[in-house]
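These notes concern the structure reproduced below.
As the structure is a computational prediction, the values presented were derived from the model and not from experiment. Chain letters run A, B, ... following the sequence lines, proteins first and then strands; every chain starts at 1.
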Amino acid sequence: MCGRFVAATEPFRLARYFDAEEWPVEQEKAWVPNYNTAPTQQVLAIRESAGQRRIEYLRWGLVPAWAEDLRIGSRMINARAETVTEKRSFSKPFKTQRCLVPVDGFYEWQVSQETGRKQPHYLFRGDGEPLALAGLWEVWNGGTEGPIETCTILTCAPNQTLAPIHDRMPVVLGRSAWGRWLDNGEHDTGYLQTLLVPAANDLILHHPIDTAVNSASNNHAWLREPVNPDALTTGDNALF
DNA sequence: CCAGACGTTGTT
DNA sequence: GTCTGG
DNA sequence: CCAGACGTTGTT
DNA sequence: GTCTGG
């Protein structure tokens, strides 16, 4: 699945990469990289309206319009690609409210069959480019402070690279798919669902990382650096 | 008809 | 065990 | 995703 | 809001 990720690429670079409108300088200055993005946090997403792509903050964890409060968002951080058309909370967003969530990489926890321990891994593109994750967004008007826009990330079966680590992975969309995915006028859910397949096996690399990533309050660039998993089991981390 | 759920993951 | 918060 | 809380009353 | 279950 996808429950934690890195968002460290500056918005102006994302704007170029996704052919989206640039941010005002003042807003760009306030941006900070996030090496441990967790559910309920604000994440940058790309949406399109009237043919114009924009980069905007959405709260991660989709909150349906009928929700009494925001809490349900913590459990709606992912939407299964296989069933997205059938689920009440996701079917309308899938038809008309799609977005991309750009990430530098994401984290997955590999559970050891023998010990039950969880080893976190960092997964990222070998060429250093961002990954465009397929997302859906929704608006919640239940609060007193005006509408809150939220999002979720689609998941699919793992490719051969991820299978040893986890049984789900986020849906990654290639450049050629962005156009129809972001076009709100595209209502061919049959076609759209054909885009929701595991990424090519050679697209994503991975390595084990420090368990410091476990706590969402830790946010350092070094969280995504490789460690020796054998050293970790003895409590002797050679890198730190 | 009304009432109650609406989601994913992982674990068992 | 289960829910909430980050 | 993982970490951390999970409850009330009354007193300070 | 919309679907499922009773």
Side-chain angles (χ1 to χ4, degrees), chain A residues 1-7 32-44 57-97 101 103-124 131 133-143 147-158 162-171 189 196 198 204 206 208-220 223-224 227 232:
Chain A
M1 76 167 308
C2 185
R4 219 69 86 70
F5 63 80
V6 174
V32 288
N34 190 341
Y35 299 98
N36 199 353
T37 307
T40 72
Q41 294 179 355
Q42 295 291 116
V43 303
L44 288 179
Y57 279 112
L58 303 175
R59 179 190 161 104
W60 185 17
L62 188 143
V63 178
W66 45 260
E68 300 225 338
D69 55 53
L70 293 170
R71 288 176 299 182
I72 195 172
S74 298
R75 300 190 295 280
M76 306 274 261
I77 64 171
N78 295 127
R80 292 177 67 89
E82 298 90 333
T83 55
V84 69
T85 57
E86 308 156 17
K87 300 298 182 181
R88 293 199 269 293
S89 300
F90 299 141
S91 61
K92 189 185 89 171
F94 183 60
K95 198 169 182 182
T96 62
Q97 294 159 202
V101 179
V103 306
D104 292 82
F106 55 96
Y107 299 118
E108 297 283 4
W109 281 258
Q110 180 181 37
V111 180
S112 163
Q113 287 295 334
E114 292 109 32
T115 66
R117 294 183 74 86
K118 292 182 173 181
Q119 172 62 53
H121 291 256
Y122 184 54
L123 301 100
F124 56 100
L131 290 157
L133 305 186
L136 310 174
W137 60 272
E138 180 61 285
V139 189
W140 183 73
N141 267 300
I148 294 178
E149 296 186 307
T150 65
C151 65
T152 190
I153 293 170
L154 290 156
T155 63
C156 59
L162 269 90
I165 296 177
H166 208 71
D167 61 355
R168 302 293 292 171
M169 72 180 287
V171 173
T189 54
L196 309 181
I204 296 172
H206 61 86
I209 58 170
D210 196 281
T211 53
V213 74
N214 290 11
S215 178
S217 61
N218 289 331
N219 191 339
H220 312 282
L223 286 178
R224 52 183 171 168
V227 297
L232 282 178

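Taking the six-membered ring for Trp, A/Tyr122 and A/Tyr107 have ring centres closer than 6.0 Å.
Using atom P as the reference point in both B/dA5 and C/dT4, the two lie 14 Å apart (nearest Å). With C1' as the reference atom, B/dC6 and D/dC6 are 25 Å apart, rounded to whole Å. Annotation: B/dC2 and C/dG6 have their C1' atoms spaced 38 Å apart (nearest Å). Comparing D/dC1 with B/dT12, their P atoms sit 14 Å apart, to the nearest whole Å.
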List the atom pairs, donor and acceptor, that lie under 3.5 Å between side-chain atoms in residues 136-143 of chain A and the rest of the protein, sequence neighbours left out.
residue	atom	partner	partner atom	Å
A/Glu138	OE1	A/Gln97	NE2	3.4
A/Trp140	NE1	A/Ala67	O	2.7

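Listed nucleotides C/dG6, E/dG1, B/dT8 differ in distance to A/Thr83; the shortest reach to its side chain belongs to B/dT8. Picking from B/dT11, C/dG6, E/dT4 the nucleotide with the shortest atom distance to the side chain of A/Val111 gives B/dT11. Listed nucleotides: D/dC1, B/dT9, D/dC2. Nearest to the side chain of A/Arg168: B/dT9. Side-chain proximity of A/Ala216 to the nucleotides D/dC1, C/dG6, B/dT8 is greatest for C/dG6.
Just one of A/Lys118, A/His121, A/His206 meets the side-chain hydrogen bond (donor to acceptor under 3.5 Å, both in side chains) condition when paired with A/Gln110; it is A/His121.
Here the side chains of A/Pro64 and A/Met76 are in contact, with some heavy-atom distance below 4.5 Å. Annotation: side chain of A/Leu196 is in contact with side chain of A/Phe94 (closest heavy-atom distance under 4.5 Å).
At C/dT4, one or more side-chain N or O atoms of A/Arg71 fall inside 4.0 Å of OP1 or OP2 (strictly under the cut-off). Put simply, A/Arg80 has a side-chain N or O that comes within less than 4.0 Å of OP1 or OP2 on B/dT9. For the OP1/OP2 pair of C/dG6 and a distance below 4.0 Å, the side-chain nitrogens and oxygens of A/Ser74 include no atom meeting the criterion.
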Annotated structure of DNA chain D as dot-bracket, pair cut-off 3.5 Å, Watson-Crick or G-U only, | for inter-strand, is ||||||......
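Among the heavy atoms of the strands lying under 4.0 Å from A/Pro39 is at least one base atom, whether or not backbone atoms are also near. The residue A/Ser217 sits apart from the nucleic acid: no heavy atom pair falls under 4.0 Å. Using a 4.0 Å heavy-atom criterion, one finds that A/Leu62 contacts no nucleic acid atom at all. Among the atoms of the strands shown, only primed sugar atoms or phosphate atoms (P, OP1, OP2) are found under 4.0 Å from some heavy atom of A/Lys118. Counting any heavy atom pair closer than 4.0 Å across all strands shown, A/Trp109 reaches sugar-phosphate atoms only and no base atom. A/Tyr107 comes within contact range of no nucleotide atom at all, as no heavy-atom separation falls under 4.0 Å.
A salt bridge links A/Glu82 with A/Arg168; the closest basic N to acidic carboxylate O contact falls under 4.0 Å.
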For nucleotides 4-7 of chain D, which of its nitrogen or oxygen atoms have a protein nitrogen or oxygen under 3.5 Å away, and what is each distance?
none

